[in-house]
Structures are given as structure tokens and as C-alpha cells.
There are 2 protein chains.
Amino acid sequence: MARLIDEGKIQRIKLATIQLVVQNGYGGASISSIAKRAGVAEGYLYRFYSSKQELVTELLYSQVARIVGKLESLLNTCTSTREVMTQLIGELFRMGTETPEEIRFIYVLMHDYNFQVSDLQRQHIKGLIDKVISIGIANGELNSRISAEEAYGMVIIYPIEFINLRMKGFFGIKEWTTEEQNRVAEFSINALK
Amino acid sequence: MARLIDEGKIQRIKLATIQLVVQNGYGGASISSIAKRAGVAEGYLYRFYSSKQELVTELLYSQVARIVGKLESLLNTCTSTREVMTQLIGELFRMGTETPEEIRFIYVLMHDYNFQVSDLQRQHIKGLIDKVISIGIANGELNSRISAEEAYGMVIIYPIEFINLRMKGFFGIKEWTTEEQNRVAEFSINALK
DNA sequence: GGAATATGAATGAACAATCATTCATTTAAT
DNA sequence: ATTAAATGAATGATTGTTCATTCATATTCC
């Protein structure tokens, strides 16, 4: 073996990509700007990713996987919809405070018509949402006529929208309290009743 | 006066811009591709817009104004929150069937960190949302603790998200029925109770 | 232990293509 | 003839991608 791959560089590339996609959108985040910010040669990115599209897609995939994975594990441990939703929304807010760029990144790309989540991931999400619904109905927590879209809307989309609305300071405020976080969870739970 | 300005060309530029921003995002929609699709010379755009940013911003502004204007007029004629929300959501779905590209365009740009709606427009929206809330509370239709963000979330964001989720076929289906449209309205109204 | 070699990590100049923007020129209406 | 609409070639910068080259280090041999 010769030199070892510098994991720090890959990490810096990922971080720079996330930041620049958030800041300038996919089309506005150029390879050269990413490489410059990461402190890495331009061509170096192509050792790990065959194209810009692949780089961003893979990053989106893994970021989404974090949320989907959390939901999946919650469904294995929690017995009520309230618990699942409170915990998941807690995780989203945690991302919002600890790694704000990452939740912004998901937010930006999930609304980009170029970046559909993969079919597999989508099916996975659909299955998990169905499970949330069936637990909720069994417990009498959810209206029995709730659709997957409605549940998805309140479990995933609404909290992400709330967090990003705050980050943008759309209504003036840019931070949130634990109370407000709980209110988001309560609101989502309530909407599905 | 010499030649008259061909309004059709301006219209074609607007249409092409909307379509290409939806398809490729802001960064991916180039002036040359817009001009080509509009059947217009590249430099021609600069007679009316000083930059690409201005072109897109102005288009976003007028599209948002359509929705905001509708909400405003509804608040002057309707006496209940139910009526306001049902009608507004009706308008959004109408856009979805009649001019799908336009609601996609709003959807894409409202989630782009480069395209904050203007402060003025945002204040205007805030005022209208507050009015929705006060009518709802006065009528006993809304929970008295509903926040502006919650109302905005269910009156504007949720329906737009629903429509675009459908357009993307996220859960398989790509169309919607009048019944489903009413369900979205009912769901939104219910969430604010 | 120390020098030679082999490996592959990392570089960045160079590619054609495309970018947003400009402006001298042409076209068409009064 | 005059005036402004409309053109599209031209500009220099930047795009995503490639690849010959450099350089650091792990391994091998004496």
C-alpha cells in the first residue's frame, strides 16, 4: 500500500457539497466551488463519485436514510403513534440544532423536481408510514380514514417545513424552544385524530 | 413609435422560464435555453429584465401575488374560516389542473434558499394569515391557541405539498378527484380545530 | 537499519461546452 | 426618413469532466 485515503478530505467534500447546494441550489453548486471549499483538487471528487449528480444523489440518499432509519427503529420500540411521532420530530429538531445544514439540504432537494428519492427508498417510506397508521388505528389514536399522504404530511413534511420556516425567519423568529418543538409534535398528532 | 412590442414574445419568455426552472431548477435554467424555447433571441430578454435573477424573481412575485390576492379577496367576502380555506384550496387545485407548471414553479422556488419571498409580500401574507385566525377564533372554528405558522402550514403549505406530491406520483397516483380535493380542505380545517 | 521500488493518493492544467450578458446591426412600423 | 424593436454573433468567465503527472508512503530487499 502507498498513501492512505484521507477520510477527512472526503468528509470535507461532503460538507462543502451540502453547504453549497443549500446556499446556491444544485445547479449553482459547481464542482470547482465545492473542491475549493473542501480544500481539495477538482479532479479528486471523481475518484469517489462518477459525476456531480451521483455525489449529490448519494449524499441525499444517506441523509434521508438517517431519518428513515430513525423512524424504522422507533416503530420497533414504541407502542404508540404519539411516541413514534414525538421521538421522530425530536430527531428532526435535533438535526435542526446540531446539523442545520443537513436538514436544509434534505429540504432543498426533496423539493427539487430533479431529485426524486429513489423508488426503493420511497417504497420503504410508504411501508413505514402504513405501519405508523396501523399502530395508530389499533390504539385508537388515529382517525381510521387517515391516508398515507396525510400521515406523511404531518409526520415528515410539516415538521421539516416548520424547521425551515424558522431557519429562514419567515415570520421573524429564527430559533425555537423545546416547548415549541413539543407543540409541533402535538399539532401533528392532533391533525391525524 | 416604431415597431410595437410583441406581447406574445414576453408571454412565451415567461412560460419558457417557468417550465425550465421547474424542470432544471434555477441554476439549471439557462438564458439561452429559455430564449430558444421561447423562440426569441438571447439578448431580447434583457430589454425587459436586467438579469436572470430579476426575471425569475419577478415571475415568482406575480405567481405568489395570484394566490395572495385570492386569499385577500376571500377574506373580504367570506364569513367563515371553512369557506376561506375551502375556496383557497380550491384555487390551488385549480392551478394544479389548469396551469400545473405555475404551481410547480412556486413550489420549487419557495423551497430554494436563494428565493425568499420579498419582505413586503411576507408581511402581507402574515397579515392575511392573522386575519384567517381571528375570523376562525371569532366563529369558534379554530382553536384559540393556533399560531400563524400552524395556520400558514395548513392553509398554504400543506395543500401545495399535497398537490406536488401527487404531481410527482410520490405514492403512485398522479391525479386527484374533487372528493380528494375536499378531503384536503377538510383535513386542513380539522387540523386547526 | 536503510535504501530502492512500487503503489495509488492527490493534483491541477486543459478540454469542449455552455454560461450570462453586451451591443453593433438589421428589420419593420410610423 | 426616422425610430425603436428585435436580432444573434461575440465576449470572457465558468461549467463538468479528464488525465498525465507528481508526490507520499508501505513494502521489499540487502
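Atom set for the values below is all heavy atoms of this structure, side chains included, hydrogens, waters and symmetry mates excluded. For clarity, every value in this text was computed on a predicted model and none was experimentally measured. The sequence lines fix the lettering, A, B, ..., with proteins before strands; numbering per chain opens at 1.
To the nearest angstrom, P of D/dC23 lies 14 Å from NZ of A/Lys9. Per the geometry, CG belonging to A/Leu45 stands 17 Å off P belonging to D/dC19, to the nearest Å. As rounded to whole Å, 8 Å separates atom P of D/dA5 from atom CZ of B/Phe48. Distance B/Asn24 CG to C/dT18 P: 13 Å, rounded to the nearest Å. The interatomic distance linking A/Ile10 (CD1) with C/dG8 (P) rounds to 16 Å, in whole Å. Taking atom CD of residue B/Gln53 and atom C1' of nucleotide C/dT21, one finds them 15 Å apart after rounding to whole Å.
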Could you go step by step and tell me if A/Glu161 and A/Tyr107 meet the side-chain contact (heavy atoms from CB on, under 4.5 Å) rule? CA-CA 8 Å; A/Glu161 293 286 336; A/Tyr107 172 82; 3.8 Å; yes
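Between B/Lys36 and D/dT7 there is no side-chain N or O to OP1 or OP2 distance below 4.0 Å. Under 4.0 angstrom from either OP1 or OP2 of D/dA5 there lies at least one side-chain N or O belonging to B/Arg47.
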Return the polar atom pairs (N/O with N/O) between nucleotides 10-16 of chain D and the protein under 3.5 Å, or none.
unit_1	atom_1	unit_2	atom_2	d
D/dT15	OP1	A/Ser30	OG	3.1
D/dT15	OP2	A/Ser32	OG	3.0
D/dG16	OP1	A/Lys52	NZ	2.8
D/dG16	OP2	A/Ile31	N	2.7

Give every donor-acceptor pair under 3.5 Å between a side-chain atom in residues 21-28 of chain A and any protein atom, sequence neighbours left out.
unit_1	atom_1	unit_2	atom_2	d
A/Tyr26	OH	A/Gln53	N	3.3
A/Tyr26	OH	A/Gln53	OE1	3.4

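Looking at B/Arg82 and B/Glu186, a side-chain N of the basic residue comes within less than 4.0 Å of a carboxylate O on the acidic one, giving a salt bridge. One finds no salt bridge joining B/Glu180 and B/Arg183 here, because no Lys/Arg side-chain nitrogen approaches an Asp/Glu carboxylate oxygen to under 4.0 Å.
Aromatic pair B/Phe162/B/Phe187: centroids not less than 6.0 angstrom apart. A distance below 6.0 Å separates the ring centres of B/Phe171 and A/Tyr152.
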